[in-house]
Amino acid sequence: MREMSQEIKDEYEKIKDKISYEEFLEKMEQYKKENADVSFIDDISIAHMVVGDFITEKNEALEETKEFWKINDLETGTQHINLLGRVMSISNVKKFTSKKGREGKLANLILADDTGRIRVVFWTENIKMLDKFQEGDVVKINDVEVKQGFREDETHLNVRSSLEKLDSKDYPDFPLTMIK
């Protein structure tokens with residue numbers, strides 16, 4: 001049996017009364033196979049997915065739940081949050097090859113609300129969402145994670161993330177983009 005990192009062991013601790021250690025590892029392997037083409041999923045993400053199968057919303061109610069978070073309230077490591085903001089810029093889609101040799105795609109956008117700005121990272125599986133909006137639109141992005149980026153915190157979409165375009169007129173306090 002392979003050695004698990006402390007972070008993965010901590011995830012297992014959340015559901016140890018619901019599933020055996022061996023079943024936990026089996027489910028992780030199953031998710032790995034199902035998501036083999038997802039370049040950004042690592043072991044801890046797989047562990048989160050397994051735990052998510054067993055923890056109900058009732059159990060998560062202990063954590064503060066918000067319809068959406070203000071950008072200046074975000075902290076590294078916060079997961080399953082919703083963001084609301086104006087799309088200030090969208091990068092071109094870039095192709096990359098992962099350490100495992102898989103090809104993927106990546107795009108970033110800058111999202112701003114009345115408290116600040118943050119980079120939002122779209123991975124291969126999320127790239128198709130870029131067709132739903134353009135610079136200047138107000139969007140709500142559901143189920144993202146805050147991670148430490150190269151220079152500052154950034155948010156990352158995952159396979160369960162979704163995006164909804166909203167009416168910009170309803171958010172007059174959000175900064176405006178530069179018209180090109």
Side-chain angles (χ1 to χ4, degrees), residues 7-8 11 14 27-28 30-57 59-61 63-96 98 100 102-113 115-150 152-168 171 174:
E7 198 173 9
I8 291 172
E11 285 301 305
K14 296 176 184 176
K27 285 202 168 280
M28 281 188 65
Q30 179 184 347
Y31 271 121
K32 276 186 189 179
K33 287 176 186 166
E34 290 172 7
N35 294 284
D37 60 333
V38 182
S39 56
F40 65 88
I41 291 188
D42 57 8
D43 283 351
I44 191 62
S45 298
I46 299 278
H48 289 308
M49 292 167 75
V50 173
V51 169
D53 289 345
F54 291 91
I55 295 183
T56 63
E57 290 178 356
N59 292 353
E60 293 177 17
E63 217 176 277
E64 183 180 0
T65 55
K66 299 181 182 183
E67 183 180 353
F68 61 88
W69 288 62
K70 293 288 188 177
I71 291 172
N72 71 346
D73 292 338
L74 299 177
E75 296 177 11
T76 302
T78 311
Q79 300 175 4
H80 309 296
I81 62 169
N82 302 328
L83 291 178
L84 180 66
R86 186 177 309 276
V87 178
M88 304 304 284
S89 64
I90 304 170
S91 75
N92 291 325
V93 175
K94 300 171 185 83
K95 292 183 179 181
F96 67 90
S98 72
K100 295 179 181 178
R102 295 192 184 111
E103 292 190 12
K105 295 178 184 175
L106 165 75
N108 299 306
L109 63 84
I110 301 299
L111 193 71
D113 66 12
T115 68
R117 295 171 175 236
I118 195 160
R119 176 185 313 277
V120 181
V121 182
F122 286 68
W123 296 99
T124 305
E125 295 70 28
N126 314 115
I127 294 291
K128 61 187 172 285
M129 291 183 202
L130 294 173
D131 294 336
K132 294 182 176 182
F133 61 91
Q134 58 189 6
E135 288 180 7
D137 287 343
V138 172
V139 295
K140 179 178 178 184
I141 306 173
N142 301 303
D143 197 2
V144 298
E145 178 178 356
V146 183
K147 295 185 177 187
Q148 177 63 46
F150 182 66
E152 58 198 356
D153 282 350
E154 57 190 33
T155 57
H156 290 244
L157 278 73
N158 62 58
V159 290
R160 293 184 296 250
S161 298
S162 63
L163 185 139
E164 179 182 353
K165 182 177 165 184
L166 304 174
D167 189 341
S168 297
Y171 302 93
F174 287 175

Quiz prompt | Closest contact, heavy atoms only, Lys14 versus Glu11 | solution = NZ-OE2, 2.8 Å
Quiz item: Do the side chains of Asp113 and Lys70 get nearer than 4.5 Å, heavy atoms only?
Solution: yes
Quiz item: Side chain of Ser168, backbone of Asp137: donor and acceptor closer than 3.5 Å?
Solution: no
Practice problem: Using a 4.5 Å cut-off on heavy atoms from C-beta on, say whether the side chain of Ile8 contacts that of Ile44. | Solution: yes
Quiz item: Arg86 side chain to Gly136 main-chain N or O, any donor-acceptor pair under 3.5 Å?
Solution: yes
Practice problem: Please check if atom NZ in Lys94 has more than 12 non-hydrogen atoms from other residues, nucleotides or ligands closer than 6.0 Å. | Solution: yes
Practice problem: Taking salt bridge (charged side-chain N to carboxylate O under 4.0 Å, His left out) as the test, write out the residues that go with Asp153, two or more places apart. | Solution: none
Self-check item: Partners passing ring-ring contact (aromatic ring centres under 6.0 Å, His included) against His156 (at least two apart in sequence or in another chain)
Solution: Trp123
Self-check item: Heavy-atom pair of closest approach, residues Val139 and Lys165
Solution: CG1-CA, 4.2 Å
Quiz prompt | Side-chain heavy-atom pair Leu84, Tyr171 within 4.5 angstrom cut-off | solution = yes
Exercise. Measure across Ala112 and Met88 and return the closest heavy-atom pair with its distance rounded to 0.1 Å.
Key: CB-CG, 3.5 Å
Quiz item: Quick one: CD on Glu152 to OG1 on Thr76, what's the gap to the nearest 0.5 Å?
Solution: 10.5 Å
Quiz item: For the atom pair CD1 (Ile110) and CZ (Arg117), what is the distance rounded to the nearest 0.5 Å?
Solution: 7.5 Å
Quiz item: Does a side-chain heavy-atom distance below 4.5 Å link Met129 with Leu157?
Solution: yes
Exercise. For residues Arg119 and Thr155, determine if any side-chain heavy atom of one lies less than 4.5 Å from a side-chain heavy atom of the other.
Key: no
Quiz item: How far apart are the closest heavy atoms of Asp143 and Ser161, and which atoms are they?
Solution: O-OG, 2.5 Å
Quiz item: Between the side chain of Asn82 and the main-chain N/O of Glu67, is any donor-acceptor distance below 3.5 Å?
Solution: yes
Exercise. Return the minimal non-hydrogen interatomic distance between Lys105 and Thr124, and the atom names on each side.
Key: N-OG1, 2.7 Å
Exercise. Report the distance from atom NZ of Lys128 to atom CG of Asn126, rounding to the nearest 0.5 Å.
Key: 6.5 Å
Quiz item: Ignoring hydrogens and geometry, is there a side-chain-to-backbone donor-acceptor pair from Thr115 to Asn72 under 3.5 Å?
Solution: yes
Self-check item: Gap separating the CG atom of Leu74 from the CD1 atom of Ile118, nearest 0.5 angstrom
Solution: 5.0 Å
Quiz item: Would you say Asp167 has more than 12 foreign heavy atoms packed within less than 6.0 Å of its CG?
Solution: yes
Quiz item: Do the side chains of Lys32 and Asp43 get nearer than 4.5 Å, heavy atoms only?
Solution: yes
Quiz prompt | CD (Glu75) with more than 12 external heavy atoms under 6.0 Å | solution = no
Exercise. Determine whether Val146 and Trp69 make a side-chain contact, defined as any pair of heavy atoms from C-beta on separated by less than 4.5 Å.
Key: no
Quiz prompt | Nearest non-hydrogen partners of Gln134 and Val87, listed with the distance | solution = O-CB, 3.9 Å
Quiz item: Atom CG of Asn142 and atom CG of Leu163: how far apart are they, to the nearest 0.5 Å?
Solution: 8.0 Å
Quiz prompt | Leu109 CG to Glu135 CD distance, which is reported to the nearest 0.5 Å | solution = 9.0 Å
Quiz item: Just by modelled atom types, is the Ser91 backbone N or O under 3.5 Å from a matching donor or acceptor in the Asn108 side chain?
Solution: no
